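Here the structure is a predicted model, which is why all the values come from computation and not from measurement.
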Amino acid sequence: VFPQSPPSANPLTRHRRGRRLTLTALALLLASCTRSVNPDIERGSAYEFRLGFPEIRASAIGLLGDDGTPRISVSADIVYSSLIYRTVQDRTYASVVVEIRVQGADEGSTFIRTVQNALDIESLNREMITTQDAFTFERDIEVDPGSYTVTISVLDQVSGKQTTLEEAAFIPDPDQPVMNLTTVRLLGRIPLAGGRHRFIPVSTYDVPGRMDSLRLQLQVTNNRSESPLELTSRLIRYQADTTAARPMQFNNYGASTIQFKGVDYDESRILEESIRSFETPGSVTIEYPLSRLPRGNYRFEVRASREGMEEPIFKARDFSVKSENYPAIQTPRELAAPLVYLMDTKQYEALMAIENEDSLKQAIDRFWLTNVKSLTDARDVIAKFYQRVEEANKQFSNFKEGWKTDMGMMYILFGPPWYVERQLNVMIWSYAYDRTDPRYNFIFEQPKVKNEFFPFNNYLLRRDQSYYNVYYQQAQLWLTGQILTRDL
């Protein structure tokens, strides 16, 4: 059960305190929602989202350099809009300290190394301060072979707030007769000025669709020469739910539906497969280029084997290709899609049938202005709505966009709950002081508990036809602009 706010004589104080506790509870509940307990399957970190704190994603991978030197390659993405900026003599910048702490994880190890970097992250324009794009920090740290725990911290020196992530890394001993595969690293190509491009590590399970080219990278160590080492790789696509959440007043999902299952690992399709053979002892880095992939859930897996081995060495990288600017909402189609929660079926189908991007943007503007009436209020309502969409993406992302999940739908419509309670596979969101009021206490259930083979927090709302009036009243707050003065 998550911590609850204590009773207070002042309802407003109780309300505010409850919301603060709930946002922390949500962050704790959904942190690393895609991280697997299976060390052989890398899924990337979750979005580390807490209001007012630096937002980071990070990865740490053990490698052997070209000269055989063991090192840990650390990559951290720091979201521009999560930092506090100051302007001095026409220079706008944020000041952060990135600390990397490497500690030996082997039994009896006393190795500890700490590296600090003070950075000024320059803002070139106002848009950069508000963007969901990230500044990428990379650092290689030389260590001895072995297992390590890597702690990455980012401190915003203006706000004094800090966010910390922890990763694991292993490096084989190049002087021992061993075979090893490193963790599979995923890189995506991003555009730069002047038509140039650059590949950067993708540290989350989610891959923005704008990365039109991907690379998978791993290192093979083969220090046994009695027989060739054979490397078999496969790219697999899994059937998964990609639909927006069903309205809260509709029927619940059936147990046989993909919405209930989330991801069906028994329904898969092999897209690519290759076999390579290695006879020369040593370590080599291998890259597997991938062309643009459609939105969906994928696994790239590698097996290393040789004659006489009982079990092959297995490594994999799971990832999901999502919308173009994920988790941000920027293009007209990205702006249009979440309106499914405020439109009737015919309205929404007509909107999404518009192919021209300019026409689609005009239709979205008309929708908001026709309903809200006031241009000023419409701007504020739009900003509030899409801020919640982006926050839902970062808090509830799993095999589909966070805003499409049941929790994402409720978060967008109602905002963060006042209280959160969790019991086994059940979670309750409360939006009322009366914890028994069925109109403002919503129950979510996990049809499949998060485990080694299903690393997702997939909570489904317990729907009820009696929610029709609750939904209608909440939608009207958005469509009339009253959501600016009250959440319920």
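You'll find the side chain of Glu287 stays beyond 4.5 Å of the side chain of Arg185, heavy atoms only. When side chains are defined from C-beta on, Pro327 does not count as touching Trp403, because their heavy atoms never get closer than 4.5 Å. Looking at heavy atoms from C-beta onward, Val420 lies in side-chain contact with Trp429 at the 4.5 angstrom threshold. With contacts defined as side-chain heavy-atom distances shorter than 4.5 Å, the pair Asn457/Asn398 does not qualify. Inter-residue side-chain proximity for Tyr205 and Lys322 is flagged as met; some heavy-atom pair is nearer than 4.5 Å. Counting only heavy atoms from C-beta outward, the side chains of Thr151 and Ile100 never approach each other to under 4.5 Å. Contact annotation: the side chain of Leu339 approaches that of Phe385 to within less than 4.5 Å [non-hydrogen atoms, C-beta and beyond]. Within the 4.5 Å cutoff, the side chain of Arg333 has heavy atoms near those of the Leu360 side chain.
Listed by chain and number, the residues in a salt bridge (Lys or Arg N to Asp or Glu O under 4.0 Å) with Lys361 are Asp365 (sequence neighbours excluded). Qualifying ring pair (Phe, Tyr, Trp, His ring centres under 6.0 Å) partners for Tyr288, counting only residues two or more places apart in sequence or in other chains: Phe300. Under the ring pair (Phe, Tyr, Trp, His ring centres under 6.0 Å) criterion, Tyr298 pairs with Phe319, not counting sequence neighbours. For Glu324, there are no side-chain hydrogen bond (donor to acceptor under 3.5 Å, both in side chains) partners at least two apart in sequence or on another chain.
Distance alone, capped at 3.5 Å, places no donor-acceptor pair between the Tyr47 side chain and the Asn393 backbone. Judged by distance alone, the side chain of Tyr148 and the main-chain N or O of Gly62 form no donor-acceptor pair under 3.5 Å. Between the side chain of Asp318 and the main chain of Ala316, no donor-acceptor pair closer than 3.5 Å is present. Side chain of Asn297 to main chain of Ser320: no donor-acceptor pair is present (N/O by atom type, distance under 3.5 Å, no hydrogens or angles). In this structure a side-chain-to-backbone donor-acceptor pair under 3.5 Å is missing from Arg234 to Arg303. At distances below 3.5 Å, not a single donor-acceptor pair connects side-chain atoms of Ser397 with backbone N or O atoms of Lys394.
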* Please report the C-alpha distance between Val98 and Ile78 in whole Å, then the side-chain angles of each, then the deciding distance to 0.1 Å, and finally whether the side chain to side chain contact (heavy atoms under 4.5 Å, CB included) criterion is met. => CA-CA 10 Å; Val98 180; Ile78 307 170; 4.1 Å; yes
* Might you work through the side chain to side chain contact (heavy atoms under 4.5 Å, CB included) test for Phe199 and Ser213, ending with a clear yes or no? => CA-CA 9 Å; Phe199 278 90; Ser213 181; 3.7 Å; yes
* Full working for ring-ring contact (aromatic ring centres under 6.0 Å, His included) between Tyr238 and Phe399 -> CA-CA 10 Å; Tyr238 293 102; Phe399 42 82; over 10 Å; no
* Yes or no on side chain to side chain contact (heavy atoms under 4.5 Å, CB included) for Phe314 and Ile41, after CA distance, side-chain angles and deciding distance? -> CA-CA 8 Å; Phe314 174 82; Ile41 302 176; 4.0 Å; yes
* **Trace of the side chain to side chain contact (heavy atoms under 4.5 Å, CB included) decision for Arg306 with Asn222** => CA-CA 11 Å; Arg306 64 160 31 100; Asn222 177 28; 3.0 Å; yes
Table please: side-chain donor-acceptor pairs of residues 261-278 below 3.5 Å, with sequence neighbours left out.
| unit_1 | atom_1 | unit_2 | atom_2 | d |
| --- | --- | --- | --- | --- |
| Asp264 | OD1 | Asp266 | N | 3.0 |
| Ser274 | OG | Ser233 | OG | 2.7 |

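Partner Asp406 forms a side chain to side chain donor-acceptor pair (under 3.5 Å) with one of Arg463, Arg246, Gln259 and no other, that one being Arg463. Partner Gln219 forms a side chain to side chain donor-acceptor pair (under 3.5 Å) with one of Asn180, Thr182, Thr285 and no other, that one being Thr285. Exactly one residue among Tyr341, Phe396, Phe444 makes a ring-ring contact (aromatic ring centres under 6.0 Å, His included) with Tyr411. That residue is Phe396. The side chain to side chain donor-acceptor pair (under 3.5 Å) test with Glu391 singles out one residue from Gln395, Arg388, Gln387, and that residue is Gln387.
Residues Ile412 and Ala392 share a closest heavy-atom pair of CG1-CB, 4.3 Å. The two atoms that bring Thr243 and Lys400 nearest to each other are O-NZ, 2.8 Å, heavy atoms only. Contact detail for Gly52 and Ser159: the closest heavy-atom pair is O-OG, 4.5 Å. Across all their heavy atoms, Pro70 and Leu64 have their closest contact at CA-CD2, 3.8 Å. Considering every non-hydrogen atom in both Ala328 and Glu390, the closest pair reads CA-OE2, 3.5 Å. Nearest heavy-atom pair, Thr149 versus Ala105, reported as atom, atom and distance to 0.1 Å: OG1-CB, 3.9 Å.
For the residue pair Tyr326/Arg295, the side-chain donor-acceptor check at 3.5 Å is not satisfied.
Atom-to-atom distance recorded for Met407:CE and Phe442:CZ is 14.5 Å, nearest 0.5 angstrom. For the atom pair OG (Ser203) and CG (Leu187), the distance works out to 10.5 Å, reported to the nearest 0.5 Å. For the atom pair CD1 of Ile121 and CZ of Phe137, the computed distance is 10.0 Å after rounding to the nearest 0.5 Å. Expressed to the nearest 0.5 Å, how far CD1 of Ile200 lies from CG of Leu186 amounts to 10.0 Å. To the nearest 0.5 Å, the span separating CG on Asn251 from CG on Asp464 amounts to 9.5 Å. Of the inter-residue distances, the one linking Glu445 atom CD with Leu461 atom CG reads 9.5 Å to the nearest 0.5 angstrom.
Salt bridge present: Arg210 and Asp133 bring a charged side-chain N and a carboxylate O closer than 4.0 Å. The pair Glu99-Arg101 does not count as a salt bridge, with every side-chain nitrogen at least 4.0 angstrom from each carboxylate oxygen. The pair Glu138-Arg198 counts as a salt bridge, with a side-chain nitrogen and a carboxylate oxygen less than 4.0 angstrom apart.
Every pair passing salt bridge (Lys or Arg N to Asp or Glu O under 4.0 Å) that includes a residue from residues 140-159 is listed here, sequence neighbours excluded: Arg71-Asp140.
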